[in-house]
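Since the structure comes first, as structure tokens, the remarks are kept for the end.
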Amino acid sequence: MPGVFELNKAADGQFHFVLKADNGEVILSSELYKEKTGAEAGIASVRANCQTDDRFEKKTSSNGKPYFTLKAGNNEIIGTSQMYASEAARDNGIASVKNNGTTQAVNNNS
């Protein structure tokens, strides 16, 4: 099964999405959007930007855990990864977003 976006409505009425890999693990999480259309545009932005290496920014959290963000062409963050145990695991996460981020599958749970 290929990756899938899940579009959800938060308890406060805002919308967000996650990208899940083919194994069901969340590999990218969005910010909160006030409107569903904003979250849908975020999904489109992941699809448009996930194949471009320089859109991924490798980072290290304050507790030393590696993670990454995916940015749009305007340098706005589209999504953030989980915290990883190693840089190699983070790099595998980036590869997974590249492999799964162009999926057209969306589970709309909103």
Side-chain angles (χ1 to χ4, degrees):
M1 173 177 127
V4 62
F5 288 98
E6 288 192 356
L7 178 59
N8 301 295
K9 189 172 187 178
D12 67 358
Q14 295 188 81
F15 297 86
H16 64 99
F17 66 85
V18 296
L19 173 60
K20 289 187 172 183
D22 55 3
N23 64 3
E25 282 194 43
V26 173
I27 51 177
L28 195 70
S29 299
S30 76
E31 64 182 3
L32 290 171
Y33 297 89
K34 290 183 181 178
E35 302 292 332
K36 183 177 179 180
T37 55
E40 290 169 337
I43 290 171
S45 189
V46 170
R47 291 178 181 138
N49 290 284
C50 71
Q51 299 300 307
T52 306
D53 288 336
D54 66 358
R55 298 283 198 260
F56 291 90
E57 186 174 351
K58 297 177 182 183
K59 297 183 166 208
T60 304
S61 69
S62 58
N63 67 358
K65 299 277 189 182
Y67 72 102
F68 64 87
T69 59
L70 175 63
K71 293 185 173 185
N74 64 2
N75 221 26
E76 291 288 319
I77 293 174
I78 307 166
T80 303
S81 74
Q82 66 180 14
M83 300 295 161
Y84 291 96
S86 68
E87 291 181 4
R90 176 195 57 207
D91 294 347
N92 287 338
I94 291 171
S96 186
V97 171
K98 288 180 177 183
N99 288 334
N100 294 284
T102 58
T103 182
Q104 295 301 304
V106 178
N107 291 337
N108 188 344
N109 303 318
S110 58

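Since the model is a prediction, treat every value here as computed from it, not as a measurement.
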Pair up each side-chain donor or acceptor in residues 24-34 with any protein partner under 3.5 Å, not counting sequence neighbours, and list the distances.
| from | atom 1 | to | atom 2 | distance (Å) |
| --- | --- | --- | --- | --- |
| Ser30 | OG | Phe17 | N | 2.9 |
| Ser30 | OG | Phe17 | O | 3.3 |

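- Summarising the geometry, atom CD belonging to Gln104 is positioned 10.5 Å from atom CD1 belonging to Ile43; distances are rounded to the nearest 0.5 Å.
- Interatomic distance, OG1 of Thr69 versus CD of Glu57, reported as 4.5 Å (0.5 Å rounding).
- Using a 4.5 Å cut-off between side-chain heavy atoms of Ile, Leu, Val, Met, Phe, Trp and Tyr, with links allowed through other members, Val46 and Val4 fall into different hydrophobic clusters.
- Here CZ of Arg47 is found 8.5 Å from OG1 of Thr102. Values are rounded to the nearest 0.5 Å.
- The stretch residues 82-104 participates, sequence neighbours left out, in these salt bridge (Lys or Arg N to Asp or Glu O under 4.0 Å) pairs: Asp53-Lys98, Lys58-Asp91.
- The CG atom of Asn108 lies 7.0 Å from the CD atom of Glu40; values are rounded to the nearest 0.5 Å.
- Between atom NZ of residue Lys71 and atom OG1 of residue Thr80 there is a gap of 10.0 Å, rounded to the nearest 0.5 Å.
- In the hydrophobic clustering of this structure, Leu19 groups with Tyr84; members are Ile, Leu, Val, Met, Phe, Trp, Tyr whose side-chain heavy atoms approach within less than 4.5 Å, directly or through other members.
- Partner of Ser45 under the side-chain contact (heavy atoms from CB on, under 4.5 Å) criterion, out of Leu70, Ile78, Asn74: Ile78 alone.
- Atom OG1 of Thr60 and atom CE of Met83 lie 9.5 Å apart (nearest 0.5 Å).
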Side chain to side chain contact (heavy atoms under 4.5 Å, CB included) between Asp22 and Asn99, intermediate numbers included: CA-CA 9 Å; Asp22 55 3; Asn99 288 334; over 6 Å; no

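- The two residues Asn100 and Gly3 make their nearest non-hydrogen contact at OD1-N, 3.1 Å.
- With sequence neighbours excluded, the residues satisfying ring-ring contact (aromatic ring centres under 6.0 Å, His included) with Phe56 are Phe68.
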